[in-house]
Participant: 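Can you read through this structure? Questions will come right after.
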Amino acid sequence: MEFTFSEEQEMFRAMFRDFSEKELAPKAEDLDHEERPPMEALRKAAQQGFLGATLPEEYFGAELDYVSYALLIETLAQDCMSTAVTLATHVSLVAMSILEHGSDAQKEEFLPLLAAGEMLGAFALTEPEAGSDAQAVQTRVTADGEDVLLNGVKTWVANGEIAGLYLVFARGEAGLEAYLVPRDAPGLTVGHREPTLGLRSVTFNTLYLEDCRVPQANRLGGDGWAMAAAAQDRMAVALAAAGLGVSERSIAEAARYATERIQFRVPIARKQAIQSYIADVTAQVEALRYLVYHAAWLVDQAQLRPFDASVVKAFGARVARHVTNKMLQVFGGYGFMEDYPMARKYRDARALGLIGGPTELHDYRIARRVFADLDFEIRP
Ligand SMILES: Cc1cc2nc3c(=O)[nH]c(=O)nc-3n(C[C@H](O)[C@H](O)[C@H](O)COP(=O)(O)OP(=O)(O)OC[C@H]3O[C@@H](n4cnc5c(N)ncnc54)[C@H](O)[C@@H]3O)c2cc1C
């Protein structure tokens, strides 16, 4: 058992920090207030190889292991959780699905474009009537000669407006099937953008598929349910890493503020209530850190089970919500003001209880494993 990063991982981490400090820290607040996606930062991230972070070199990827990639997401989320989520959607949900399930032709066609940032990826599973219950997907796929036609509506598609490639799940004869749908596919309309409480630099859009035509060759091989589940389990680790990053930075900023803010003639850091807040959230973040790195390591070993993914995701969402809430309290009224960055962190962290599946659904998957040990079956 080892608890240290390799020299290479430490070097990557320093590189991620350098990038985030230069490209995200100075702009994140404005991007959030203007609800603008971080296009300039994504272009530079592509130059650094981050958009193909975990892809092999043959597809122009950076060939990072998942632990290093989790460090990337954690680091970006310290400055801008929106950018971390945009990048994780692109890498964990889309690029890695193609890498794992795509044909050689699909990998050669799409992965270099995704790695170069010439195309961003988006993942379209959720529908108006199919939220937690993904089995209720109604989008249909029918064969039409060499092509297929997709018909349905997809909601809350992260990167919806900026993507060039959509991984769309639809019900076909063989159950759930997945298709690679380019932005210019006939019959695809990227609908309006949903205004959101947090993650305001991520574009969430509705997709309309009306006889949307793509070649049969764009079907991503294998069982759609298994593919969607594997992608979401990988994404769960990345989202927990984002929760770790936003929590770490919240503590650092609140602790500094506590040493500077004078009330009753002393810095509030001298008050036991504040010390207790800081101690409580720090212990939680320490626990989350090891859970995230371990889960990322399990991805590298191809041993991540749905149970592990749900544990790290549910815990990460709870910790990020608790930490940002408490640290906002340390800032007092300033924490509530949009001119100070704590408000953004609090709003962004709140998303983690929903995006990537609501916490209640992850709790169900955790409990299912526990009860299964007693030969007792539970259902969602
Ligand atoms: C900001 C954001 C970004 C997203 N990005 C994407 C994306 O890029 N691609 C994509 O496909 N999807 C995306 N989603 C969808 C997301 O992954 C969730 O799966 C979806 O939000 C859950 O469905 P719902 O919101 O309709 O909630 P519902 O399923 O309607 O649930 C409502 C409430 O009931 C609870 N509930 C439901 N069923 C049960 C149960 N069996 N037991 C206990 N409690 C239950 C839920 O936990 C929740 O609290 C996104 C969602 C959000 C909010």
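Read the numbers this way: they start at 1 and go in the same order the structure lists the ligands and their atoms.
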Participant: Measure from atom 29 (O) of ligand 1 to the protein's non-hydrogen atoms and state whether any distance is below 4.0 Å.
Facilitator: yes
Participant: How close does the nearest protein non-hydrogen atom get to atom 47 (O) of ligand 1, and which residue and atom is it?
Facilitator: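 It is Glu360 OE1, 2.8 Å.
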Participant: Heavy atoms only: which of Val85, Thr196, Thr126 lies closest to atom 11 (O) of ligand 1?
Facilitator: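 Among Val85, Thr196, Thr126, the closest heavy atom to atom 11 (O) of ligand 1 belongs to Thr126.
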Participant: Yes or no, since that's all I need: does a protein heavy atom fall within a distance strictly under 4.0 Å of atom 33 (C) of ligand 1?
Facilitator: no
Participant: Looking at Ala158 and Val202, what are the two nearest heavy atoms and their distance?
Facilitator: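 Closest heavy-atom pair between Ala158 and Val202: CB-CG1, 4.1 Å.
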Participant: Touching ligand 1 at all, Gly356? Heavy atoms, strictly under 4.0 Å?
Facilitator: yes
Participant: Can you confirm whether something in the protein, heavy atoms only, sits under 4.0 Å from atom 41 (N) of ligand 1?
Facilitator: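 Yes, there is a protein heavy atom closer to it than 4.0 Å.
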Participant: Which one holds for Ala158 and ligand 1: side chain close, backbone close, both close, or neither close, with close meaning a heavy atom under 4.0 Å?
Facilitator: both
Participant: Give the C-alpha distance, both sets of side-chain angles, the deciding distance and a yes or no for side chain to side chain contact (heavy atoms under 4.5 Å, CB included) between Phe50 and Leu87.
Facilitator: CA-CA 8 Å; Phe50 299 164; Leu87 195 134; 4.1 Å; yes
Participant: At a non-hydrogen distance cut-off of under 4.0 Å, which region of Tyr364 contacts ligand 1 (side chain, backbone, both, or neither)?
Facilitator: neither
Participant: Do the rings of His294 and Trp297 sit parallel, tilted or perpendicular, given the 30° and 60° boundaries?
Facilitator: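 Answer is parallel, since the angle falls under 30°.
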Participant: Would you name the heavy atoms of Pro38 and Ser201 that are closest together and state the gap between them?
Facilitator: CD-O, 3.6 Å
Participant: Answer with yes or no whether Ile355 contacts ligand 1, where contact means a heavy atom under 4.0 Å from a ligand atom.
Facilitator: yes
Participant: If you measure only the distance, is there a donor-acceptor pair under 3.5 Å linking the side chains of Gln78 and Arg17?
Facilitator: yes
Participant: Hey, is atom 22 (C) of ligand 1 under 4.0 Å from any protein heavy atom?
Facilitator: yes
Participant: Check the side chains of Tyr346 and Ser250 for a donor-acceptor pair under 3.5 angstrom, ignoring hydrogens and angles.
Facilitator: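 No.
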